[in-house]
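Fair warning: this is a prediction, and the values are worked out from it, not measured in the lab.
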Amino acid sequence: MEPTLNPDPALIAALRSDLSAAGYRADAVRSVWGPVADTAVGHGLHGPALAALAPRTDALATLARLLFLGVRTDRDAVARALPTLGAHGLVNLGFARIDGDAVVPSVLVRPQDAAGASHDTVRWWIASDLDEAALGGALPTGHVLGVGGASLTLAGLQLTTPARRVLDVGTGCGIQALRAHLALSDPSAPHTGAPTDAEAPIVATDVSGRALLFTRINALLNDAEGIETRLGSLFEPVAGEQFDRVVSNPPFVITPRVAGVPEYEYRDAGYAGDDLVAAFVSGVGAVLAPGGTAQLLGKWEYRAGQDGLQRVREWVAASPVPLEAWVIERERLDPLAYAELWVRDGGTAPGTAGYGALVDAWLADFAAREVDAVGFGYLLLRRPASAIPALARYERITHPLPEDGALGAHLGAALAAFDALEEFDDAALAAARTIVADDVTEARHHLPGAEAPSVIELRQGGGLGRTLEVDPALAALVGASDGELTVGQLSDAIAELLEVDAAALRADLLPRVRELVFIGMLRLA
């Protein structure tokens, strides 16, 4: 049984002081054990990192062993590495126990870098439960996960536009609440005003009391004020309140509800199939202020040949509060691949006892609902300021995304472009001037010996990294979009050059110009 966590501000301040003095940061730890060991740690293999740490007795190496890898460590070495907190202070926090001459950790505290709205690097420490490598086996069902790939994905997706109040549903260790705090506290980001004295700027909820303790600890550890924690499921803890932004990395894993299949709080919400995501979509409108947005990661089933994105579309349409939606499917797995993925995630490896039975349970569960595949992706929902939703975009983007970490800013710019374009009829758009984005390049593919290209592509270097195949007319318009001539003037000039009907070409180009402005390849001057 894990020790009880104790979010004592004085003890956490002492820990923060010691971690800072030791230089316990992500780049420093990586430099201590090197790139190969760092990759191995990411794969759950600690051997190379421990070998690199073995000759070292400095504070950084000691903290890397104890708090990053979760390895029992000499008590005197811990005392030297934590001169302010001490080994007993770590025990009093509920982070460890003393076993003779050793300190045995029960909590990980890992350094984590994040990009701020102004692209500077913000450095956090994130406390969470021991992982599988530290435990040497399967995770307990009440495990509180640290920062994983999904957490980083959602953090990078968070809009950087102003928000007065933010709700983090299913906060876990609190990483999304910290990310929201970072945006709210960034001096380069304008805001619409502060909450009233009775309102916390950020509310973090979870069904796990231990997760909420970790969130409070991580807020204190990173000096993030204004994060309030509340116990409860979905929107129950905030009934009657409204927020400008809701973020959630919910426990959306589809797990059979049968005996013998363990349920993990960090990934399983107790709903059948994709009902959790459906419940989120149907309920979030009630806690969104007009113009407010919700962002979450989610999964949806493909049932009996029905398109999974169509299911999401139906959830949005059924919301009691009108919602706009931009949904991006990133991947799709067949039932067997999905079952094997999450059976392994729970700590049951192929070839071990129980693996086959668990996979069979997943497949039987999918078969009962005629599930052909499971989609995963990003949902951005918005409560329109008016009563009529305008944005309804459902798409698949499965290629690797650029690694610049600026998706939140990109999504915000796309929403702003959409709203601006709503004010433009075709005549107004034809009278507007456009400028090609700096990250757009053009590629032309020629058949051997051919003068004219057989394929012309526009490629986006940032954002969602789109590649669009275009015809010569649109390529010419984009290439000439420097803000000097209007879209209509460019279209007419291209029509004359290509010797085609000007009115017909304009009618063809204008909707495609709208699309390029929305996705960020063009911007309105």
Side-chain angles (χ1 to χ4, degrees), residues 115 119 149 152-153 156-160 309 326-332 375-378 380 391 393-421 424 429 432-487 489-491 493-495 497-498 500 505-506 508-525:
H119 301 291
L152 293 175
T153 295
L157 288 168
Q158 278 201 40
L159 298 176
T160 57
L309 285 179
W326 183 6
V327 180
I328 300 172
E329 182 175 276
R330 292 290 291 137
E331 68 177 3
R332 193 188 317 174
F376 163 80
Y378 317 147
L380 194 163
L391 176 61
R393 187 180 181 98
Y394 300 80
E395 58 183 325
R396 293 179 175 87
I397 300 177
T398 56
H399 58 257
L401 300 182
E403 298 181 358
D404 58 7
L407 275 180
H410 174 77
L411 297 179
L415 291 180
F418 178 86
D419 293 339
L421 288 168
F424 284 62
L429 183 59
R433 290 171 170 82
T434 54
I435 298 175
V436 64
D438 293 339
D439 65 341
V440 173
T441 57
E442 181 186 280
R444 294 182 176 238
H445 303 269
H446 297 254
L447 292 173
E451 182 178 351
S454 56
V455 176
I456 306 173
E457 293 177 333
L458 296 178
R459 296 176 178 174
Q460 185 177 44
L464 289 164
R466 299 176 189 265
T467 297
L468 299 182
E469 185 174 333
V470 298
D471 58 24
L474 185 57
L477 188 146
V478 171
S481 288
D482 57 6
E484 293 295 322
L485 299 177
T486 68
V487 171
Q489 289 170 331
L490 290 174
S491 177
I494 294 166
L497 181 66
L498 297 178
V500 298
L505 182 62
R506 183 178 294 203
D508 175 66
L509 287 176
L510 286 177
R512 294 194 285 161
V513 168
R514 287 183 184 274
E515 173 68 5
L516 291 179
V517 171
F518 176 80
I519 67 177
M521 287 189 172
L522 291 176
R523 62 180 176 86
L524 297 173

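Arg433 contributes a side-chain N or O that, together with a main-chain N or O of Glu484, makes up a donor-acceptor pair within less than 3.5 Å. A donor-acceptor contact shorter than 3.5 Å is absent between the side chain of His410 and the backbone of Gly462. With hydrogens and angles disregarded, a donor-acceptor distance shorter than 3.5 Å links the side chain of Ser454 to the backbone of His445.
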request  = Kindly indicate, with the supporting measurements, whether the criterion side chain to side chain contact (heavy atoms under 4.5 Å, CB included) is fulfilled by Leu516 and Leu468.
outcome  = CA-CA 10 Å; Leu516 291 179; Leu468 299 182; 3.5 Å; yes

message = Test side chain to side chain contact (heavy atoms under 4.5 Å, CB included) on Leu407 and Leu464; report intermediate values, then the result.
response = CA-CA 7 Å; Leu407 275 180; Leu464 289 164; 3.7 Å; yes

task = Report the C-alpha separation of Leu391 and Leu415 in whole Å, then their side-chain angles, then the decisive distance to 0.1 Å, and conclude whether the side chain to side chain contact (heavy atoms under 4.5 Å, CB included) test is met.
result = CA-CA 9 Å; Leu391 176 61; Leu415 291 180; 3.7 Å; yes

task = Would you sort out whether Leu509 and Leu477 count as a side chain to side chain contact (heavy atoms under 4.5 Å, CB included), showing the intermediate values?
result = CA-CA 9 Å; Leu509 287 176; Leu477 188 146; 3.9 Å; yes

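Residues Leu159 and Gly412 share a closest heavy-atom pair of CD2-N, 3.5 Å. A pairwise comparison of heavy atoms in Leu490 and Ser481 identifies CD1-OG, 4.0 Å as the closest pair. Here the closest non-hydrogen pair linking Arg330 and Tyr378 is NE-OH, 3.2 Å. The two atoms that bring Val470 and Ala475 nearest to each other are CG2-CB, 3.9 Å, heavy atoms only. When all heavy atoms are compared, the tightest approach of Ile435 to Asp482 is CG1-C, 3.9 Å. Across all their heavy atoms, Pro402 and Gly463 have their closest contact at CD-O, 3.4 Å.
Pairs passing the salt bridge (charged side-chain N to carboxylate O under 4.0 Å, His left out) check and including a residue from residues 443-453, sequence neighbours excluded, read Glu442-Arg444.
Between the OG1 atom of Thr160 and the CG atom of Leu157 there is a distance of 11.5 Å, given to the nearest 0.5 Å. The structure places CD1 of Ile328 at 6.0 Å from CG of Leu411, a figure rounded to the nearest 0.5 Å. Distance OH/Tyr394 to CG/Leu309: 8.5 Å, rounded to 0.5 Å. Atom CZ of Phe376 is separated from atom CD of Glu329 by 10.5 Å, given to the nearest 0.5 angstrom. Expressed to the nearest 0.5 Å, how far CG of Leu510 lies from CG of Leu429 amounts to 5.0 Å.
The side-chain hydrogen bond (donor to acceptor under 3.5 Å, both in side chains) test applied to Ser491 returns no partner, not counting sequence neighbours. For Glu395, the salt bridge (charged side-chain N to carboxylate O under 4.0 Å, His left out) partners two or more places apart in sequence, or in a different chain, are Arg393, Arg466. Every residue two or more places apart in sequence or in another chain that forms a salt bridge (charged side-chain N to carboxylate O under 4.0 Å, His left out) with Glu457 is listed here: Arg459. Not counting sequence neighbours, the partners of Asp508 by the salt bridge (charged side-chain N to carboxylate O under 4.0 Å, His left out) test are Arg512.
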Review item, side-chain donor-acceptor pairs of residues 517-525, under 3.5 Å, at least two apart:
none

